[in-house]
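Letters go in sequence order (proteins before strands), and every chain restarts at 1.
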Amino acid sequence: MIRRDFSERDIHMAIDGELPADERAAYDAWLDANPEMKARSARFTADRTALRAAFAGVLDEAVPVRLRKVVFGETPVKAAVSRSRWWLAAAAAVLVVAGGLGGYLAGIDRVGQENPAEDQLAEQAIAAHVVFAAEKRHAVEVPASDKDHLQTWLSNRVGLKLVAPDLTANGFQLVGGRLLPAGESKAAMLLYEDDKGERISLFVTAQSSQNAKGTYASAQDGPQAVYWLDKGYGCAVVGSLPREQLAVVAKSAYGQLMAGLAS
Amino acid sequence: MHEKKAAILGEIPRLRRYARSLLRDRDAADDLVQDCLERALVRLDNWQTGESPRRWLFTIMHHLFIDQMRKVNRRGEATMLPLEAGEAVAQPAEQMESIASREIIDALQAISPDRRAALVMVAIEGFSYAEAANILGVPAGTLMSRIARGREELRGLLDDTARRRAIRIVEK
């Protein structure tokens, strides 16, 4: 009989059938010698039985027609994107936690490629805007007063030559910027504000391999994103302005960004 | 192609059970399964012949679930209702649940999503530690500690419920 010290950990292993067979006898002897552990084991075992019983009925239920239809191709696949949208509208969460969960989310991303790249970019940009544009005092990491440093820092981090566009002609002043995660890569966010306190943000990443452009809104009356993707970078301008006005600002920002990248 | 689809169809009851244990609400659980199936069908080519459809589908669904939980959590919704509140929200009695089943289902909903998934994966779905760790994308050690903490948390909640029930009886 194998002699070793057992612990609570072994109780779980034994219940889950993970205890090596040749340790079983020693384990049982240990349980007998430790009434408290034996009682604990009995409670956990009973809970396991109760859990299985509580959900056993599900296996006998008829498969709902809507699920059957998915498998046999009667539901357009596009529907997946729209039904999931309510999760995605809260995409802010991904941004906020991505820092600490980099590796984990990278794993999720591999499975989650069903969204076209442009949707992802727009969703990330909108999420960032929702979170940070609402912040009064902590909207940016580096303020506009330190613009040179802001541009150098973000350019180095994102890997693109970034020049913060001058949007004063459109009534917007630079507030500052911050660095954000974007999928497995990084994004720069530049925040602007007009004299009424209306804010728009620019979201730029170096992560893109396709060409696309368009507008995107994640919620009915939420902010909109105007975006461009080109080989080597993606850019989105996000705000709650009327669509035409946002398009004008975005065009101006895009032109200047392009000029900056090429300079 | 048809064989693959037939194999997927065969896994639906298991996927529904897993989803139901994760989310409780029947419609929400079936929504999760539907998203999982749609995602799976889009990437049918990624599924290697020989790979167990169960493992493949559970992995997809787990990612969807964790993704959703993180987002919902951040929106500040009560994903972890305290037990009293959980009881107050009258669940439609879609099937005859015994009191014991209802209590354990409520308690399961009250533990953290990560622990819930780990515990359900081995205790209900019967995956081995190695399989479960693989599906959840965590090291075996993490899985084991989630299972242990999940079980303890679940037991603690059930003890609390039992205590409250006892108090109520005494008060009568």
Side-chain angles (χ1 to χ4, degrees), chain A residues 8-9 11-13 15-18 40 43-44 47-48 50-64 66-73 75 77-81 83-84 86-97 101 103-105 107-114 131, chain B residues 5-6 8-9 12-21 29-31 33-35 37-43 59-60 63-64 66-68 70-75 95 97-98 100-105 107-108 119-120 122-124 126 128-129 137-138 144-145 147-148 151-152 154-155 158:
Chain A
E8 270 197 67
R9 183 187 154 95
I11 295 180
H12 297 286
M13 293 185 70
I15 291 173
D16 296 323
E18 296 278 336
R40 189 171 274 260
R43 281 197 297 272
F44 287 157
D47 288 347
R48 185 178 194 268
L51 266 182
R52 293 179 84 100
F55 293 97
V58 181
L59 292 185
D60 299 329
E61 291 174 13
V63 171
R66 63 162 162 144
L67 298 182
R68 195 177 283 273
K69 277 185 175 169
V70 174
V71 179
F72 289 100
T75 307
V77 163
K78 196 68 191 158
V81 179
R83 189 157 20 72
S84 302
W86 72 272
W87 302 359
L88 297 168
V94 176
L95 276 170
V96 177
V97 298
L101 291 163
Y104 196 59
L105 286 175
I108 289 174
D109 266 346
R110 242 179 297 116
V111 178
Q113 288 297 339
E114 118 198 321
V131 172
Chain B
K5 287 187 172 181
I8 291 174
L9 194 65
I12 292 180
R14 295 283 300 253
L15 290 169
R16 291 184 76 226
R17 179 171 67 175
Y18 180 50
R20 193 84 65 87
S21 65
D30 280 344
D31 279 350
V33 175
Q34 187 167 345
D35 278 358
L37 294 173
E38 281 168 2
R39 185 161 285 198
L41 286 163
V42 171
R43 58 198 69 201
T59 306
I60 293 175
H63 281 137
L64 286 168
I66 288 299
D67 223 11
Q68 178 192 15
R70 298 208 196 289
K71 288 168 187 173
V72 172
N73 251 337
R74 288 288 168 172
R75 282 198 303 180
Q95 67 205 88
E97 283 170 357
S98 70
S101 282
R102 201 160 56 231
E103 280 180 1
I104 204 158
I105 292 171
L108 188 65
L119 185 58
V120 165
V122 298
I124 300 180
S128 71
Y129 283 3
V138 298
M144 287 187 67
S145 85
I147 292 169
R151 270 207 180 103
E152 281 155 22
L154 189 71
R155 177 90 309 262
L158 291 168

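At a threshold of 4.5 Å between non-hydrogen side-chain atoms, the residues B:P13 and A:V58 do not count as touching. Using a 4.5 Å cut-off on side-chain heavy atoms (C-beta onward), A:E18 and B:M144 make no contact. A heavy-atom distance below 4.5 Å is not found between the side chains of B:R151 and A:R40. The shortest side-chain heavy-atom distance between B:L154 and A:L51 falls under the 4.5 Å cut-off.
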- Item | Residue pair B:I12, A:V71: steps toward the side chain to side chain contact (heavy atoms under 4.5 Å, CB included) verdict | CA-CA 10 Å; B:I12 292 180; A:V71 179; 4.0 Å; yes
- Task: Start with the C-alpha gap between B:I105 and A:F55, add the side-chain angles, then the distance that decides, and say whether side chain to side chain contact (heavy atoms under 4.5 Å, CB included) holds.
- Result: CA-CA 9 Å; B:I105 292 171; A:F55 293 97; 3.8 Å; yes
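Counting heavy-atom pairs closer than 4.5 Å to chain B, the top-ranked of the candidates A:L59, A:V63, A:D60 is A:L59. Contact tally against chain A (heavy-atom pairs below 4.5 Å) for B:V120, B:L119, B:D30: the top residue is B:D30.
Formation of a donor-acceptor pair under 3.5 Å by the B:Q34 side chain with backbone atoms of A:R66 is not found in this model. With hydrogens and angles ignored, the 3.5 Å screen pairs a side-chain donor or acceptor of A:R52 with a backbone N or O of B:A123.
Between B:V122 and A:R48, the shortest heavy-atom contact is O-NH2, 3.7 Å. Closest of all the heavy-atom pairs between B:R16 and A:A62 is NH1-O, 3.7 Å.
Between B:R155 and A:D47 there is a salt bridge, since at least one side-chain N of the basic residue sits less than 4.0 Å from a carboxylate O of the acidic one. Taking the charged nitrogens against the carboxylate oxygens, B:R20 and A:E61 do have a contact shorter than 4.0 Å, which makes a salt bridge.
Within 6.0 Å of atom CZ in A:R9, 12 or fewer heavy atoms from other residues, nucleotides or ligands are found, so the atom counts as exposed in its surroundings.
Looking at B:I8, only its side chain comes within 4.5 Å of chain A, counting heavy atoms on both sides. Looking at B:L108, only its side chain comes within 4.5 Å of chain A, counting heavy atoms on both sides.
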